[in-house]
Protein chains: 2
Amino acid sequence: MALQQDIKVAVDAVVFGYESKGNLSVLLIRRGVDPFKNTWALPGGLVLEHESLEAAVKRELKEETGVTMDYLEQLYTFGKPKRDPRNRVVSVSYFGLVRPNHFKIKADTDADEAKWFPVNDLPKLAFDHKTIFNTAEKRLKGKLLYQPIGFDLLSAEFPFSDLEHLYATILGQDIDRRNFRKKIMSFGFVEETNKIQQVRSGRPAKLFKFNKQKYDALLDNGFYFDIKFV
Amino acid sequence: MALQQDIKVAVDAVVFGYESKGNLSVLLIRRGVDPFKNTWALPGGLVLEHESLEAAVKRELKEETGVTMDYLEQLYTFGKPKRDPRNRVVSVSYFGLVRPNHFKIKADTDADEAKWFPVNDLPKLAFDHKTIFNTAEKRLKGKLLYQPIGFDLLSAEFPFSDLEHLYATILGQDIDRRNFRKKIMSFGFVEETNKIQQVRSGRPAKLFKFNKQKYDALLDNGFYFDIKFV
DNA sequence: CCAAAAGTGTTCCACCTACACCCATGG
DNA sequence: CCATGGGTGTAGGTGGAACACTTTTGG
């Protein structure tokens, strides 16, 4: 390894938030340091010497926003030479999906402020973070169509309508309630409980739960989850 | 950027080869330097200071094997702390698909030898390259099901049976010729020419060509390319 | 009794599946 | 005329799509 190389390795996280019947949002920080001081950016930062990439992204996310996540999926690695005006930085990006209200967000290291922004009303972003965000959004939507990643976002027991709203919100389209329900139920990884929702208004709903065993078994065989929109 | 970090950034390429009615193979090099001297490995190496990741992987591939490629798709970034026994190295991996006979392969920098290996008869690989290979193979098969990436592998004008063999080989399964043909033709991105194949044996075949415009248009709208195996 | 959301069934149609024989050529 | 691969149609079944009214509760 005679070659001289001075490239830094960073990680960035695109964390989407979805709250029951809410909108889809992304978690951003306002940078407290130059470059791009005071500009909004994705949480992230340099990888430590003996830290895995995944550990790094979780650590940065926690430090900068207070959000802790079990699972972030690797998205893409951005490495164009001029991404960062200082050194050359290669960024390995990750994305994930959480319920914002589960966290009290608070800025810390290198960030002046952390905040959720609706995905269709983003501020100007630092570096090439808009590109990273776009890549993540596309992947999120695509993934939802062949893997129900949405279950982490629902309570352990949820009314069926929560699932409908989740899909409709993330994909930004309306779905046919009857057909959606038939299809989901046909997969067998959502099961009815015998509990009833505490009513908000209207008819009380049965609660459902997610059967992870059946879901994992299906995933192994590869299934395609085609949803029809109206 | 006060932080000290000494991580190197490398790229590795998983290049699959498919030849008409041949087998699926991967391009490997035999390492000429330590560590893992004389062990087979994926072509790859460190990224140069002012070089994009994609340029780096193409350059390394060319240097080590003589193979030049227009398009390699980013696969995954491997960054566990102990991947490389020397420094810490983060590897951005790429994969692609070519016709081996189009190239005269020849080893050069850091490689003693470059050679195609059938995918189901690989030697022991250096570093975590087996993991990288497995990831690539899975992605290749998955991708073929929803995006006909196979067209680069066929002549500009090809008999339909070439397409059948391509799919059957990469996916490792037999397909129903009639149904496969109907399905492909229904998409509209394969068009009949009025030319006839120079005969090898048996009945001469009509030649077909690929309509990239129609294909790209379809891709934008997202289509799923479900193939039934016998 | 009105508002709000949950729950539910059927018909039609498109597409997928299974399946086997004849065709055109070269040797 | 034989071997080799190319080319083709149909019938039955499955599953997706479209579609609207009734139920249960709270206010």
Side-chain angles (χ1 to χ4, degrees), chain A residues 20-22 145-146 148 154-155 157-169 171 173-188 190-209 218 221-230, chain B residues 19-22 145-146 148 154-155 157-169 171 173-209 218 221-230:
Chain A
S20 290
K21 326 221 162 153
L145 291 178
Y146 63 92
L154 303 175
S155 315
E157 300 186 328
F158 53 90
F160 212 91
S161 57
D162 275 13
L163 199 53
E164 289 169 26
H165 284 286
L166 172 67
Y167 272 77
T169 302
L171 298 173
Q173 294 181 71
D174 289 331
I175 54 186
D176 180 304
R177 287 169 52 229
R178 273 179 290 193
N179 291 336
F180 179 75
R181 186 165 178 146
K182 268 181 287 186
K183 177 156 243 172
I184 296 279
M185 293 312 288
S186 76
F187 285 123
V190 171
E191 294 172 350
E192 203 172 319
T193 68
N194 49 17
K195 302 200 192 134
I196 300 289
Q197 182 193 38
Q198 301 316 317
V199 183
R200 312 185 250 234
S201 102
R203 175 174 175 172
K206 289 179 205 155
L207 295 178
F208 292 80
K209 66 189 168 91
L218 263 182
N221 300 329
F223 72 108
Y224 186 70
F225 184 48
D226 198 7
I227 298 174
K228 175 58 187 180
F229 301 101
V230 290
Chain B
E19 204 65 55
S20 290
K21 321 212 169 162
L145 291 178
Y146 63 92
L154 303 176
S155 316
E157 300 185 329
F158 53 90
F160 212 90
S161 57
D162 275 12
L163 200 52
E164 289 170 26
H165 284 286
L166 172 66
Y167 272 77
T169 302
L171 298 173
Q173 295 181 72
D174 288 332
I175 53 185
D176 180 303
R177 287 167 55 226
R178 272 180 290 195
N179 292 336
F180 179 75
R181 185 163 179 148
K182 268 182 287 187
K183 177 155 243 172
I184 296 279
M185 293 312 288
S186 76
F187 285 123
F189 52 68
V190 171
E191 292 172 353
E192 201 172 321
T193 68
N194 48 18
K195 303 200 191 131
I196 301 289
Q197 182 192 35
Q198 301 317 314
V199 182
R200 312 184 248 233
S201 103
R203 176 174 174 173
K206 291 179 203 156
L207 295 178
F208 293 80
K209 65 190 168 95
L218 263 182
N221 300 330
F223 72 108
Y224 185 69
F225 184 46
D226 198 6
I227 299 174
K228 174 61 190 180
F229 301 101
V230 292

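Residue numbers start from 1 in every chain, and the chains themselves are labelled A, B, ... in the order their sequence lines are given, proteins ahead of strands.
For the pair B/Phe160 CZ and C/dA24 C1', the interatomic distance rounds to 19 Å; values are reported in whole Å. The separation between B/Asn179 atom CG and C/dT17 atom C1' is 6 Å, rounded to whole Å. Atoms CZ (A/Phe180) and P (D/dC19) sit 20 Å apart, rounded to a whole Å. What separates CD1 of A/Ile196 from C1' of C/dG7 is a distance of 11 Å, to the nearest Å. The CG atom of B/Asp162 sits 15 Å away from the C1' atom of D/dG7 (whole-angstrom rounding). Atom C1' of nucleotide C/dC16 and atom CZ of B/Phe187 are separated by 12 Å, given to the nearest angstrom. In this structure, the CE atom of A/Met185 is 16 Å from the P atom of D/dG16, given to the nearest Å. Rounded to whole Å, atom C1' of C/dG9 lies 18 Å from atom NZ of A/Lys183.
Expressed to the nearest 0.5 Å, how far CD1 of A/Ile184 lies from OH of A/Tyr167 amounts to 5.5 Å. Of the inter-residue distances, the one linking B/Asp176 atom CG with B/Lys182 atom NZ reads 7.5 Å to the nearest 0.5 angstrom. Remark: A/Ser155 OG to A/Gln197 CD distance equals 9.5 Å, nearest 0.5 Å. A distance of 11.0 Å separates CD in B/Glu19 from CG in B/Leu166, rounded to the nearest 0.5 Å.
The shortest distance between the side-chain N/O atoms of A/Ser161 and the OP1/OP2 oxygens of C/dA5 is not below 4.0 Å. OP1 and OP2 of C/dA18 both lie 4.0 Å or more from every side-chain N or O belonging to B/Lys182. Between B/Arg181 and D/dT8, a side-chain N or O to OP1/OP2 separation shorter than 4.0 Å is present. OP1 and OP2 of D/dG7 both lie 4.0 Å or more from every side-chain N or O belonging to B/Lys206.
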Any N/O pairs under 3.5 Å between the protein and nucleotides 25-27 of chain D? List them or say none.
none

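A salt bridge is absent between A/Lys209 and A/Glu157; no separation between the charged side-chain nitrogens and carboxylate oxygens falls under 4.0 Å.
A/Leu154 approaches A/Asp162 most closely through the heavy-atom pair CD2-CB, 3.8 Å.
Along DNA chain C, the nucleotide nearest B/Arg177 and the nucleotide nearest B/Ser186 are compared for position; the residue whose nucleotide lies closer to the 5' end is B/Ser186.
Using bins of under 30°, 30° to 60° and over 60° for the plane-to-plane angle, the ring pair B/Phe208/B/Phe160 lands in the perpendicular bin.
Considering only side-chain atoms of A/Arg178, the nucleotide from C/dC16, D/dG9, D/dC19 that sits closest is D/dC19.
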